[in-house]
Amino acid sequence: MKVPLLDLKQQLNYLREDILKAVTRVIDSTTYIQGPEVSFLEHEIAAYCGVENGVGVSSGTDALLVSLMALGIGPGDQVLTTPYSFFATMGVVLRLGAIPVFVDIDPVSFNIDPVAMEEVLSRDHDRKIKAILPVHLYGQCADMEAIMKSAHQYELPVIEDAAQAIGAEYPMNRDTGDGMKVQWKKAGSMGLAGCFSFFPSKNLGGIGDGGMVVTHDGAFADKIRILLNHGASPKYYHGQVGGNFRLDPIQAAVLRIKMTYLGQWHRARRENADRYNRMFTETDLVQNNFLALPQAVYLKKQLEGNMSGAGENFHIYNQYVLRVNRRDALLDWLRSQDIGCEVYYPVALHQQKCLGASFPVQSFHQAEKAASETIALPIYPELTAEMQEYVVDKIVEFYRQ
Ligand SMILES: *Cc1c(COP(=O)(O)O)cnc(C)c1O
């Protein structure tokens with residue numbers, strides 16, 4: 001049996017007619033830059049996230065870049081972030097001449113550890129840190145309540161890298177006057193701004209690059225709209241230097257179709273994750289510490305406490321990631337058995353060569369450990385129970401060798 005890491009063909013076959021119609025509609029309109037498809041998608045995604053503003057941009061990377069530009073981040077400024085993410089999270093900081101300040105991750109969620117973060121902020125006496133850039137890795141939100149609390153205390157803006165987490169929900173405690181109530185908040189809606197990627201492998205993926213910034217703050221959204229058109233306001237008058245970071249209307253038209261299936265796809269991924277968890281638990285691999293299952297930390301909270309308004313998308317499983325023994329050997333074995341798998345990510349950000357010799361040598365134990373122990377298995381919505389069984393059987397076979 002062949003089990004690819006991701007199979008976009010099935011989704012395409014199902015949506016082919018609608019997608020071709022939408023693309024044709026854009027082509028026939030001859031509106032090839034911005035236009036109604038982009039603004040409709042902006043409204044639809046903003047509404048989905050429960051925020052007032054959405055601004056379409058050219059990629060998830062550019063969503064992050066333009067957000068930091070709108071904050072005025074520049075040479076010498078520091079941005080606090082995680083050492084365990086896709087490169088773009090750190091890349092945008094470096095491109096602006098700013099310096100990433102890393103805080104190690106929590107070993108269970110793989111997201112920034114808020115206690116370690118608070119400690120770094122408390123030592124920043126000359127206030128070099130200008131923003132906090134948490135990542136909601138694999139489709140599960142970072143601990144935003146703690147992060148927002150520190151952000152308020154140190155008066156720092158938070159830009160959420162929600163590239164892997166569109167629709168993921170976080171149980172935010174809110175004082176309602178008569179006691180604390182939990183409100184499930186969508187990824188990207190808790191900080192000053194949230195950044196999404198429509199890279200084809202994300203839960204909401206286009207037929208090319210695309211991204212979006214969502215924000216409650218209308219003035220911040222306006223700044224981004226100006227920056228993504230070379231900083232022009234009005235046209236041909238440049239008060240600042242921006243770039244061309246616009247979302248392609250063909251992508252917007254296709255994404256609007258896919259948006260209507262997003263809830264269904266999230267559910268299918270979650271069911272696949274539950275099925276893997278059951279299948280692995282029925283083996284002795286977890287018990288014998290050959291592997292550790294991914295933890296949906298907010299589901300656990302929900303089950304333990306008496307939360308109001310139960311969340312559903314506490315984890316959207318953009319990736320299903322295990323910690324395993326002999327990771328690299330397992331990776332080779334699974335690939336030799338026609339099973340697609342990948343490591344997100346094999347090198348922690350603070351260890352990337354591009355940082356150069358002048359960057360201080362630092363160690364972030366949990367990030368480094370995650371980089372050497374994690375493996376992502378196929379989790380896409382159309383994956384079948386038979387395929388999952390095959391994957392689990394092959395992993396069992398590997399540890400029996
Ligand atoms: C995918 C991704 C990005 C970048 O998105 P692109 O659309 O590929 O530019 C940024 N951060 C994280 C965590 C991502 O997974």
Side-chain angles (χ1 to χ4, degrees), residues 3 5 82-86 103-116 135-143 164-165 168 170 269-304 313-335 337 339-349 363-380 383 385 387-401:
V3 187
L5 182 61
T82 165
Y84 193 58
S85 180
F86 177 58
V103 165
D104 209 354
I105 54 167
D106 171 86
V108 176
S109 69
F110 299 102
N111 285 321
I112 213 165
D113 175 351
V115 177
V135 178
H136 306 315
L137 204 68
Y138 304 146
Q140 174 165 251
C141 288
D143 191 352
Q164 300 183 4
Y170 176 88
R269 282 173 183 266
R270 205 164 57 237
E271 283 166 7
N272 289 344
D274 290 345
R275 191 179 297 119
Y276 268 138
N277 289 347
R278 275 199 308 277
M279 286 175 166
F280 281 120
T281 307
E282 282 163 12
T283 72
D284 57 1
L285 294 179
V286 179
Q287 206 181 339
N288 292 333
N289 295 317
F290 285 111
L291 58 84
L293 302 175
Q295 302 291 317
V297 293
Y298 307 119
L299 171 64
K300 197 158 165 263
K301 260 187 158 177
Q302 178 176 312
L303 295 175
E304 282 168 358
N313 293 319
F314 37 79
H315 197 322
I316 62 155
Y317 293 101
N318 181 241
Q319 301 297 347
Y320 178 87
V321 176
L322 300 172
R323 268 184 205 274
V324 297
N325 280 359
R326 296 196 287 138
R327 197 271 313 275
D328 291 340
L330 177 64
L331 195 70
D332 289 345
W333 161 253
L334 291 177
R335 285 175 177 166
Q337 301 301 306
I339 295 169
C341 46
E342 193 51 86
V343 175
Y344 303 107
Y345 298 88
V347 182
L349 295 178
S363 174
F364 297 97
H365 178 67
Q366 292 300 346
E368 289 160 29
K369 197 160 142 53
S372 69
E373 291 182 350
T374 52
I375 185 168
L377 301 180
I379 191 69
Y380 60 91
L383 190 73
M387 289 165 124
Q388 291 189 270
E389 206 162 311
Y390 177 73
V391 173
V392 173
D393 284 350
K394 287 296 166 188
I395 293 177
V396 168
E397 200 177 320
F398 173 78
Y399 286 110
R400 291 262 156 79
Q401 281 167 19

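Numbers here simply count residues along the sequence, with the first being 1.
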When you look at Thr281 and Leu293, which way does the side chain to side chain contact (heavy atoms under 4.5 Å, CB included) test go after all the steps? CA-CA 9 Å; Thr281 307; Leu293 302 175; 3.7 Å; yes
With a 3.5 Å distance limit and no angle check, can you tell me whether Tyr138 reaches the backbone of His315 through a side-chain donor-acceptor pair? no
Mind listing the side-chain donor-acceptor pairs of residues 388-396 below 3.5 Å, one per line with the distance, residues two or more places apart or on another chain?
residue : atom : partner : partner atom : Å
Gln388  : OE1  : Arg275  : NH1          : 2.7
Gln388  : NE2  : Asn272  : O            : 2.8
Tyr390  : OH   : Gln337  : O            : 2.8
Lys394  : NZ   : Gln337  : OE1          : 3.3
Lys394  : NZ   : Glu397  : OE1          : 3.2

To the nearest 0.5 angstrom, please state how far the CG atom of Leu331 sits from the CD atom of Glu342. 7.0 Å
Nearest-0.5 Å distance, CG of residue Leu291 to CG of residue Leu330: 8.5 Å
Do you know which two heavy atoms are closest between Val135 and Ala142, and how far apart they sit? O-CB, 3.8 Å
Set of residues satisfying side-chain contact (heavy atoms from CB on, under 4.5 Å) with respect to Ala371, sequence neighbours excluded: Tyr84
Over all atoms of both residues, closest heavy-atom pair of Pro378 and Val3: CG-CG1, 3.8 Å
Distance in Å, Thr82 OG1 paired with Leu349 CG, rounded so as to fall on 0.5 Å steps: 7.0 Å
Over all heavy atoms of both residues, which pair between Pro83 and Ile105 is shortest? Give the atoms and the distance, please. CD-CG2, 4.4 Å
Just verifying a value: how many Å separate Gln319 CD and Gln140 CD, rounded to the nearest 0.5 Å? 13.5 Å
Using the test side chain to side chain donor-acceptor pair (under 3.5 Å), find all partners of Thr283 that sit at least two apart in sequence or belong to another chain. none
Do you know which two heavy atoms are closest between Cys341 and Leu5, and how far apart they sit? CA-CD1, 3.9 Å
All side-chain contact (heavy atoms from CB on, under 4.5 Å) counterparts of Pro294, not counting sequence neighbours: Asn277, Tyr320, Leu322
As an exercise, state the distance from NE2 of His136 to CG of Asn318, rounded to the nearest 0.5 Å. 13.0 Å
Could you note down all residue pairs passing side-chain hydrogen bond (donor to acceptor under 3.5 Å, both in side chains) where residues 322-335 supplies at least one of them, sequence neighbours left out? Arg323-Glu373
Note, Val324 side chain near Leu285 side chain (heavy atom, < 4.5 Å): no
Test side chain to side chain donor-acceptor pair (under 3.5 Å) applied to Asp104 - qualifying residues, sequence neighbours left out: none
Are Ile375 and Leu334 close enough, and set up right, to give a side chain to side chain contact (heavy atoms under 4.5 Å, CB included), and what steps lead you there? CA-CA 11 Å; Ile375 185 168; Leu334 291 177; 4.1 Å; yes
With sequence neighbours left out, write down each residue that passes ring pair (Phe, Tyr, Trp, His ring centres under 6.0 Å) with Phe290, or none if nothing qualifies. Tyr399
Can you sort out the partners of Tyr345 under side chain to side chain donor-acceptor pair (under 3.5 Å), two or more places apart, ordered by chain and number? Gln164
For Ala370 and Thr374, which heavy atoms make the closest approach, and how far apart are they? O-OG1, 2.7 Å
Nearest 0.5 Å, please: how far is CD1 in Ile379 from OH in Tyr276? 6.0 Å
The criterion is side-chain contact (heavy atoms from CB on, under 4.5 Å); which residues satisfy it with Ala348, sequence neighbours excluded? His350, Gln351, Ala367
Got a sec, which residues hit side chain to side chain donor-acceptor pair (under 3.5 Å) with Asp143, two or more places apart in sequence or on another chain? Tyr170
